[in-house]
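Report on the following structure.
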Amino acid sequence: NERTFSILKPDATRRNITGAVNAVIEAAGLRIVGQRRIRMTREQAEKFYEVHKERPFFGELVEFMTSGPVVVQVLEGENAVAKYREVMGATNPAQAADGTIRKQFAESVGENTVHGSDSADNAKLEIAQFFTDADIA
Ligand code: ATP
Ligand code: MG
């Protein structure tokens with residue numbers, strides 16, 4: 001069983017829809033095996049999105065991710081990385097398929113409710129940034 005890393009972003013905690021998003025995650029057959037509500041520091045957000053640091057939206061992205069609490073999660077299931085990307089929907093909610101989290105909940109390409117790892121290797125690295133092995137045994 002594969003694991004992936006998920007973040008319920010500040011727009012989700014602000015609108016009090018983390019339970020609604022979790023219901024979609026669980027209905028898709030993904031199991032929440034680790035979960036913590038945190039306030040990301042600027043350093044954590046910059047490190048987490050380091051691959052995007054040359055992009056024009058990087059500053060805005062770091063501002064947003066530190067603008068309120070987030071819920072960091074480890075999800076487990078068959079093909080969890082690909083399955084969660086499918087459940088999340090396209091980065092831009094205007095292009096997201098029906099039934100996806102972003103289609104249902106996201107308000108813009110920047111404030112798009114959820115993050116999910118884009119590969120199994122990145123999932124491992126991202127999980128290790130926020131969880132110890134004991135947290136998710
Ligand atoms: P995530 O990495 O958050 O799971 P993703 O893999 O669908 O989302 P990426 O291309 O990795 O999308 O972009 C990371 C995040 O940067 C997006 O989720 C979004 O919040 C933000 N972002 C991406 N493109 C834009 C843009 N054009 N304008 C503003 N923010 C953007
Ligand atoms: Mg991404």
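Start at 1 and go down the list; that is how both ligands and their atoms are numbered.
- Gln35 is listed as a side-chain neighbour of Asn22, based on a closest heavy-atom distance under 4.5 Å.
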Per-pair distances, 0.1 Å, donor-acceptor, side chain in residues 75-82, under 3.5 Å, sequence neighbours excluded:
{"unit_1": "Glu76", "atom_1": "OE1", "unit_2": "Arg3", "atom_2": "NE", "d": "2.8"}
{"unit_1": "Glu76", "atom_1": "OE1", "unit_2": "Arg3", "atom_2": "NH2", "d": "3.1"}

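- Looking only at atom types and distance, the side chain of Asp11 has a donor-acceptor partner in the side chain of Thr113 under 3.5 Å away.
- A salt bridge links Arg42 and Glu46; the closest N-O separation between the charged side-chain nitrogens and carboxylate oxygens is under 4.0 Å.
- Sorted by first and then second residue, the side-chain hydrogen bond (donor to acceptor under 3.5 Å, both in side chains) pairs involving residues 81-97 (not counting sequence neighbours) are Ser6-Tyr84.
- Ile127 shares a hydrophobic cluster with Phe5, Ile7, Val33, Ile38, Met40, Phe48, Tyr49, Phe57, Phe58, Leu61, Val62, Phe64, Met65, Val70, Val72, Val74, Phe130, Phe131, Ile136; the chain of contacts runs through ILVMFWY side chains whose heavy atoms sit under 4.5 Å apart.
- In this structure, ligand 1 sits under 4.0 Å from heavy atoms belonging to Lys9, Tyr49, His52, Phe57, Glu60, Leu61, Arg85, Met88, Thr91, Arg102, Val109, Gly110, Asn112, His115, Gly116.
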